[in-house]
Number of protein chains: 2
Amino acid sequence: MQLKELSSRSGVSGASIKFYLREGLLPPGSTAASPRADYGEGHLRRLELIKTLRKVVRLGLDQIKAVTAGIEDPGLDDVALMGRVQALVLDLAEEPVPDHPLLAGLVGSGRWTDAPSQARNSLNLLLYRMDELGVPADAAVLAAYAQAVDQVAALDIGSVEQAGSRDDLAAAVAVGTHLYSQLLLKMLAVAQASRAMRG
Amino acid sequence: MQLKELSSRSGVSGASIKFYLREGLLPPGSTAASPRADYGEGHLRRLELIKTLRKVVRLGLDQIKAVTAGIEDPGLDDVALMGRVQALVLDLAEEPVPDHPLLAGLVGSGRWTDAPSQARNSLNLLLYRMDELGVPADAAVLAAYAQAVDQVAALDIGSVEQAGSRDDLAAAVAVGTHLYSQLLLKMLAVAQASRAMRG
DNA sequence: CGGATAGGATAGTGTAACTATCCCATATGG
DNA sequence: CCATATGGGATAGTTACACTATCCTATCCG
């Protein structure tokens with residue numbers, strides 16, 4: 001398939017496809033047969049992925065590039081890829097952050113594993129940030145949050161049933177992570193509004 | 001105080017202050033005494049509010065304008081102002097949305113009040129959106145989320161102890177809403193990562 | 001063989017949020 | 001009382017992001 005057909009089938013303009021090629025989000029088509037590139041189903045899936053990450057998950061092109069780079073990295077297995085996608089969607093921190101006293105308390109109580117993770121780095125960063133902003137997190141609130149999120153985590157939504165490709169896998173994880181985060185926040189807003197109106 | 005001093009005291013450039021004046025985020029200074037405007041502590045507080053909403057809460061100028069308009073609207077009492085600020089931070093929907101079957105179920109069970117709210121509109125919008133995207137929310141997950149957020153809502157973090165001004169009130173609500181939302185999400189990520197690593 | 005692409009290079013568009021320049025009236029210090 | 005700095009308005013320029021459009025030449029296909 002050539003550019004025009006890829007464009008009409010994907011709903012992405014030819015100019016944008018060229019742009020994504022330049023940016024390295026979309027791999028070049030095969031030029032084996034002739035100097036005119038030949039695109040396949042993989043390119044179509046990639047464009048769908050890009051559209052989803054842009055419009056649904058609202059990632060920037062840099063973050064999308066990190067996703068597609070992961071998809072194309074054979075040294076990254078599917079589980080690691082899913083971790084990277086989740087980290088990008090949730091804006092988790094790469095670099096290690098020493099534990100905040102409040103988190104140290106939660107971990108010390110045996111609730112969570114002591115292993116470092118990007119999620120933990122980000123939570124520590126946030127707790128320090130709250131201190132700096134003069135809105136330190138309340139220990140009681142933190143304990144309640146911990147209990148609540150443990151219940152939620154026990155459900156293990158993350159079961160993405162077999163995706164056909166790494167592009168689809170990445171899309172499913174990104175969309176699921178994003179939407180269920182939103183769901184939690186909106187439900188909390190409803191619960192709080194409900195309480196406020198009752199009492 | 002004149003522009004130069006307002007600028008140095010607030011850390012906002014003179015050009016930006018002029019820009020905020022043009023955009024109507026910052027009220028004009030008094031020109032009663034002389035044609036050179038005189039700014040006061042209120043202008044300083046307003047600039048702090050704008051800085052906080054931009055850098056911490058990451059609102060756009062349009063949303064900030066909605067906040068400042070609310071602050072200056074005498075027909076809006078403090079409670080209504082707090083609601084508006086929260087709605088802007090959480091990106092809640094103004095227009096009514098008919099209940100989604102899943103939410104109707106939760107409300108029907110007596111968990112939450114039946115009264116409409118912006119939070120409820122947004123949740124309904126999200127549930128419909130998830131259906132459209134082919135990722136319908138799972139009833140069991142929703143029930144678990146409901147229980148979790150009810151625990152959290154019971155804490156009632158929203159107690160902003162007396163703010164000195166409506167600007168400070170808006171800033172406190174915006175920052176609190178934003179940071180505690182982030183806290184919930186990051187803690188969920190930690191809980192999930194912890195589970196994943198254990199088993 | 002000729003009109004329609006492909007692909008590369010380059011430049012333009014629109015939005016958001018500033019930032020810088022000009023200008024002139026005025027205010028203030030010497 | 002006058003010169004210079006400053007305020008405020010208007011206007012234009014800048015940066016970042018994500019495209020979008022135009023040119024050009026080589027080439028493919030009917």
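All chains are named by letter (A, B, ...) in the order of the sequence lines, taking the proteins before the strands, and each is independently numbered beginning at 1.
For the pair A/Gln63 CD and D/dC17 P, the computed distance is 11 Å after rounding to whole Å. Rounded to whole Å, atom C1' of D/dC29 lies 15 Å from atom NZ of A/Lys4. The nearest whole Å value for the distance from the CG atom in B/Leu25 to the P atom in C/dA17 is 10 Å. Taking atom CD on B/Glu23 and atom C1' on D/dG8, their separation rounds to 16 Å, with Å as the unit. Rounding to whole angstrom units, CD1 of residue B/Ile17 and C1' of D/dT6 are separated by 14 Å. Summarising the geometry, the separation between OH on A/Tyr39 and C1' on C/dA6 is reported as 8 Å, rounded to the nearest angstrom. Atom CG of B/Leu21 is separated from atom P of D/dA10 by 12 Å (rounded to the nearest Å).
A 4.5 Å side-chain heavy-atom check between B/Tyr145 and A/Leu188 finds every atom pair outside the cut-off. By the 4.5 Å heavy-atom criterion applied to side chains, B/Ile64 and B/Leu88 are not counted as neighbours. Considering only heavy atoms from C-beta on, B/Val85 stays 4.5 Å or farther from B/Thr177 through its side chain. Looking at A/Pro136 and A/Met130, their side chains never come closer than 4.5 Å, going by heavy atoms from C-beta outward.
Paired with B/Arg120 under the rule side chain to side chain contact (heavy atoms under 4.5 Å, CB included), one option of B/Asp99, B/Leu125, B/Val97 passes, and it is B/Asp99. For the salt bridge (charged side-chain N to carboxylate O under 4.0 Å, His left out) with A/Glu48, the lone residue among A/Arg46, A/Arg45, A/Lys51 that qualifies is A/Lys51.
Here A/His100 pairs with A/Tyr128 under the ring pair (Phe, Tyr, Trp, His ring centres under 6.0 Å) rule; sequence neighbours left out.
Counting any heavy atom pair closer than 4.0 Å across all strands shown, A/Gly60 reaches sugar-phosphate atoms only and no base atom.
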Distances for protein N or O near nucleotides 19-22 of chain D N or O, under 3.5 Å:
unit_1	atom_1	unit_2	atom_2	d
D/dC19	OP2	A/Tyr20	OH	3.2
D/dC19	OP2	A/Arg54	NE	3.0
D/dC19	O5'	A/Tyr20	OH	3.4
D/dT20	OP2	A/Ser16	OG	3.0
D/dT20	O4	A/Arg22	NH2	3.3

What pairs of nitrogen or oxygen atoms, one from the protein and one from nucleotides 27-30 of chain C, lie under 3.5 Å apart?
unit_1	atom_1	unit_2	atom_2	d
C/dA27	O4'	B/Arg36	NH1	2.6

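B/Val190 and A/Leu92 fall into different hydrophobic clusters, where Ile, Leu, Val, Met, Phe, Trp and Tyr residues are linked whenever their side-chain heavy atoms come under 4.5 Å apart, directly or through other members.
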